[in-house]
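Every chain is numbered from 1, with letters handed out A, B, ... down the list of sequences. Please read these numbers as outputs of a predicted model, since none were measured by experiment.
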Amino acid sequence: MRIATWNVNSLKVRLPQVVAWLDKHRPDALCLQELKLEDASFPRAELQAAGYSAAFSGQKTYNGVAILSREPAANVVSGIAGFDDPQRRVISADVGGVRLICAYVPNGQSVDSEKYQYKLNWLAAFSAWLAQELAAHHRLAVLGDYNIAPEDRDVHDPKAWEGQVLVSPPERDAFRRLIELGFRDSFRLFEQREKSFTWWDYRMNGFKRNLGLRIDHILLGASLAANCASCSIDVEPRGNERPSDHAPVVAEIAV
DNA sequence: ATGGCTTGAGTGTCAAGA
């Protein structure tokens with residue numbers, strides 16, 4: 001089974017690139033974040049033509065998440081149970097005997113902002129809910145844009161980023177608590193090149209200079225982690241014309 | 001130098017992303 005995650009930063013703009021990527025890689029499921037469109041504008045027909053059905057939770061302008069799958073998804077649930085959030089950031093579904101959770105963790109803007117507090121509150125609710133989801137689902141994968149670079153090796157210039165949003169200790173603690181629920185960061189199950197990143201700033205030629213962060217992750221519950229054969233970042237789409245600022249992350253699981 | 005790009009909204013120019 002091949003599963004993937006990609007923050008597309010507008011599905012409207014990136015739709016041709018998403019279709020091309022699906023054609024090339026044929027994942028069983030692709031989790032998308034930052035759709036930036038309402039459900040009424042979701043390009044269901046175009047994705048169907050590419051061979052994928054979709055479960056989605058959109059909103060105007062901001063956020064929005066989807067799970068695309070070759071086999072139709074079952075038991076689709078939006079949001080975090082027990083956490084009232086007007087921002088569309090989570091969607092879950094069963095695909096091929098695996099429970100998939102697609103998440104777009106808040107950015108936080110800066111550590112002294114209200115959005116940072118929202119991010120930490122959101123992560124606390126997410127963590128409590130994932131503990132329940134782990135207990136409920138034998139095969140669980142949580143894919144998405146976590147907006148957290150877990151360690152200094154996930155940051156192009158740790159000194160410059162020290163204490164900033166995306167790397168601050170409270171955020172990293174929150175990420176570690178997610179892992180300690182019983183997940184593995186699939187990317188770190190394998191030998192990886194140094195300076196592997198999933199996001200590069202649009203400005204200052206960030207991608208060409210590989211000034212990036214690794215903030216998009218595929219977390220696997222124990223039974224999926226034990227059967228994970230690979231995890232890699234596909235930097236190719238970041239070199240497209242009008243690219244998303246994020247690259248897809250792909251995991252292969254022997255299920 | 002707190003900028004730099006990109007998107008969506010909406011037709012000015014700003015919020016938000018990371």
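If you take atom P in B:dT6 and the same atom in B:dG10, they sit 22 Å apart, rounded to whole Å. Rounded to whole Å, the separation between the P atoms of B:dT2 and B:dA18 comes to 23 Å.
For residues 112-122 of chain A, proximity to DNA chain B is found at A:Lys115, defined as any non-hydrogen atom under 4.0 angstrom from a strand atom.
Not one side-chain nitrogen or oxygen of A:Tyr104 sits closer than 4.0 Å to the OP1 or OP2 atom of B:dA16. Close to B:dA16, at under 4.0 Å from its OP1 or OP2, lies no side-chain N or O of A:Asn63.
A salt bridge does not link A:Glu194 with A:Arg153: every distance from a Lys NZ or Arg NE/NH1/NH2 to an Asp or Glu carboxylate oxygen is 4.0 Å or more. Between A:Asp185 and A:Arg214 there is a salt bridge, with a side-chain nitrogen of the basic residue lying less than 4.0 Å from a carboxylate oxygen of the acidic one.
With sequence neighbours excluded, the residues that form a ring-ring contact (aromatic ring centres under 6.0 Å, His included) with A:Phe207 are A:Trp200.
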task = Treat primed atoms plus P, OP1 and OP2 as sugar-phosphate and everything else as base, then score nucleotides 1-12 of chain B 5' to 3': B for base contact with protein heavy atoms under 4.0 Å, S for sugar-phosphate contact only, - for none.
result = ---BBSSSS---
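Within 4.0 Å of A:Asp145, counting heavy atoms only, lie sugar-phosphate atoms of the nucleic acid but no base atom.
Side-chain N/O atoms of A:Thr5 and A:Gln33 include a donor and acceptor closer than 3.5 Å.
A straight line from CD of A:Gln164 to P of B:dG17 spans 16 Å, rounded to a whole angstrom.
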